[in-house]
Participant: 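I have a structure here, written as structure tokens, and I will follow up with some questions on it.
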Amino acid sequence: MAFSFSDLVEEAWLSARALKDYSENIFNPTVRLGVTGLSRAGKTVFITALVHGLCRGGRFPIFESMSTGRIATARLAPQPDDAVPRFAYETFLATLIEQRQWPSSTVDISELRLVIDYQRKNGAERTLTLDIVDYPGEWLLDLPLLNKSYEQWATESLALSRQDPRARVAREWHAHLATLDPNGRENEQETLTAARLFTTYLRNCRNEQFAMSLLPPGRFLMPGNLAGSPALTFAPLDVPIDGTPPERSLWAMMRRRFEAYKDVVVRPFFRDHFARLDRQIVLADALSAFNAGPEALQDLEAALAGILDCFRVGRSSLLATMFRPRIDRILFAATKADHLHHSSHDRLEAILRKLVERAMQRAEFAGATVDVVALAAVRATREAQVQRGRDRLPSIVGTPIKGEMAEGEVFDGETEVATFPGDLPTNLQGLFKGEDTFRGLAAGPHQDADFRFLRFRPPRLATHDPEGPALPHIRLDRTLQFLIGDKLQ
């Protein structure tokens with residue numbers, strides 16, 4: 001779509017804001033790190049573990065500046081933005097350690113400032129401010145809407161909803177859609193019903209049986225204080241992609257509210273938060289997609305490609321920093337690596353790399369540095385060898401979350417078990433073919449699924465250490481080295 005006058009004004013405003021940030025960073029070097037991921041990917045746990053490890057002095061052998069002792073201290077500082085909620089670090093840490101529960105999912109944007117005092121390799125004492133911005137990945141998937149008309153979005157959304165397995169959970173919404181006349185008179189009650197059924201469809205797509213990832217508009221699933229507002233009360237209609245709605249028609253009403261959603265929800269997020277990021281990590285729960293089936297894995301691939309397309313990426317330069325900030329480092333992380341034996345960690349990483357392969361090539365062409373990692377910000381399991389007949393199977397030991405089920409057994413949330421998680425496939429080409437690659441929960445009963453990765457409670461930790469217990473992890477140090485290691489040279 002062509003640039004409008006308002007787009008040009010917004011670009012000028014962003015450039016002015018970037019210049020202001022640049023002038024402030026001359027005397028106080030600051031990195032704004034965006035942390036995002038789709039629902040249940042582990043954003044809250046990741047930030048909590050990262051901050052705790054830096055402040056406590058965690059075991060990070062690959063994070064060079066910490067392993068060599070050049071980081072003197074890392075401490076929390078007051079929240080820098082008066083209009084953004086503070087990330088509730090202390091509450092989340094207590095939930096992990098004392099209650100052995102995973103913190104609640106991200107439903108809004110939040111921020112936390114960390115100040116790192118360190119010594120450069122040449123001996124000079126320096127300070128780096130790390131502003132961590134936590135936001136739902138569903139919001140990121142809304143950014144492409146800025147360049148789409150209502151008709152384009154509606155056509156794409158309906159086409160997606162008519163594909164299996166989405167079509168199975170869209171039946172009630174589709175039945176209501178068939179009763180609507182887009183050219184008929186605008187009707188508030190018909191619109192409210194359509195929006196409610198469309199939202200229910202999106203929510204059902206996200207449950208563990210289907211684990212769909214591509215679910216815009218993101219605020220429909222986490223409306224916050226906009227719940228019930230006209231900006232969140234619309235739905236796709238079956239209309240021509242190049243058509244024009246009659247005045248005061250149902251179609252015109254839906255189109256108006258779609259444009260309001262972009263103005264009220266999407267543009268402010270882009271302008272006030274997203275456009276200011278320097279570094280980015282995108283967390284992905286690939287194991288939940290494996291549980292659900294090949295369709296979920298393909299949907300995750302499309303979602304991750306869409307996410308990377310949203311970023312303003314490129315090599316960092318003086319002019320870019322001053323007038324048009326770019327994200328120069330992006331890390332894609334497959335979370336919950338502790339739900340696998342270490343022999344499958346490289347396979348999980350290879351699968352994630354395959355998922356984002358094409359998007360990575362575009363970002364690297366623009367000058368950004370992109371990488372992938374399989375990690376567990378907090379390791380919930382330990383490894384063991386289990387005897388089964390004459391075989392010794394590489395297994396993991398942990399406490400499954402209450403209600404988890406495997407081979408007909410329902411776990412109580414208190415009993416520790418040893419389980420053989422299985423091996424991830426090595427034939428990546430066959431994995432992404434689609435039909436008959438493997439069976440997931442979307443195809444039938446739990447016991448028929450080819451993969452079933454359990455969810456585990458956080459580990460029980462010794463709390464006698466005055467600095468608090470160290471949180472066990474997998475590759476969190478490698479993650480830190482990639483994201484900020486160069487800033488601590």
Participant: Would the Phe234 and Tyr150 ring centres measure less than 6.0 Å apart?
Facilitator: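 No, they do not, as the ring centres are separated by 6.0 Å or more.
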Participant: With under 30° as parallel and over 60° as perpendicular, where do the rings of Tyr135 and Phe274 fit, or are they tilted in between?
Facilitator: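 Taking Phe274 first and then Tyr135, their aromatic rings stand perpendicular (interplane angle over 60°).
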Participant: Would you tell me whether Asp142 and Tyr261 have side-chain atoms, one donor and one acceptor, within less than 3.5 Å of each other?
Facilitator: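 Asp142 vs Tyr261: donor-acceptor pair found between side chains.
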Participant: Out of curiosity, Leu38 CG to Glu138 CD, how far, rounded to the nearest 0.5 Å?
Facilitator: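 Answer for the CG-CD pair, Leu38 versus Glu138, is 5.0 Å.
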Participant: Looking at Thr36 and Gly137, would you say the former's side chain and the latter's main chain have a donor-acceptor pair under 3.5 Å?
Facilitator: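 A pair under 3.5 Å: yes.
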Participant: Tell me whether the centres of the aromatic rings in His176 and Phe198 are closer together than 6.0 Å.
Facilitator: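 Aromatic pair excluded; centres sit 6.0 Å or further apart.
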Participant: Atom NE2 in His273, atom CH2 in Trp139: separation rounded to 0.5 Å?
Facilitator: 7.0 Å
Participant: Between the side chain of Glu349 and the main-chain N/O of Ala374, is any donor-acceptor distance below 3.5 Å?
Facilitator: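 Here the side-chain-to-backbone pair exists.
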Participant: Closer than 4.0 angstrom, basic N to acidic O: yes or no for Asp238 and Arg162?
Facilitator: yes
Participant: Regarding Arg86 and Asp108, does a basic nitrogen lie under 4.0 Å from an acidic carboxylate oxygen?
Facilitator: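 Salt bridge between Arg86 and Asp108, a charged N being under 4.0 Å from a carboxylate O: no.
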Participant: Would you compute the distance between atom SG of Cys55 and atom CG of Leu76 and round it to the nearest 0.5 angstrom?
Facilitator: 4.5 Å
Participant: Backbone N or O of Glu111 within a donor-acceptor pair of the Asp134 side chain at under 3.5 Å?
Facilitator: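 Judged by distance alone, no pair lies under 3.5 Å.
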Participant: I'd like to know if the side chain of Ser149 and the backbone of Gln152 have a donor-acceptor N/O pair within less than 3.5 Å.
Facilitator: yes
Participant: How long is the span from the CD atom in Gln79 to the CG atom in Asp131, to the nearest 0.5 Å?
Facilitator: 8.0 Å
Participant: Could you give the distance from CZ (Arg267) to NZ (Lys262), rounded to the nearest 0.5 Å?
Facilitator: 6.0 Å
Participant: Examine distances only and state if a side-chain atom of Glu404 and a backbone atom of Arg455 form a donor-acceptor pair shorter than 3.5 Å.
Facilitator: yes
Participant: Before giving the answer on side-chain contact (heavy atoms from CB on, under 4.5 Å), spell out for Ile351 and Phe290 the whole-Å C-alpha distance, their side-chain angles and the decisive distance to 0.1 Å.
Facilitator: CA-CA 11 Å; Ile351 290 167; Phe290 267 103; 3.5 Å; yes
Participant: Are Arg478 and Phe63 in a cation-pi setup, meaning NZ or CZ lies under 6.0 angstrom from the ring centre and within 45 degrees of the ring axis?
Facilitator: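 Ring-cation test returns no.
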Participant: Using modelled atom types and a 3.5 Å cut-off, is there a donor and acceptor pairing between side-chain atoms of His341 and backbone atoms of Ile396?
Facilitator: no
Participant: Hey, could you give me the NZ/CD distance between Lys354 and Glu301, rounded to the nearest 0.5 Å?
Facilitator: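 These two atoms lie 8.0 Å from each other.
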Participant: For Arg379 and Thr381, indicate whether the former's side chain and the latter's backbone hold a donor-acceptor pair under 3.5 Å.
Facilitator: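 Here the side-chain-to-backbone pair exists.
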Participant: Against Val45, only a single residue in Thr335, Thr95, Val378, Leu471 fulfils side chain to side chain contact (heavy atoms under 4.5 Å, CB included); can you say which?
Facilitator: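 When Thr335, Thr95, Val378, Leu471 are each tested with Val45, the side chain to side chain contact (heavy atoms under 4.5 Å, CB included) holds only for Val378.
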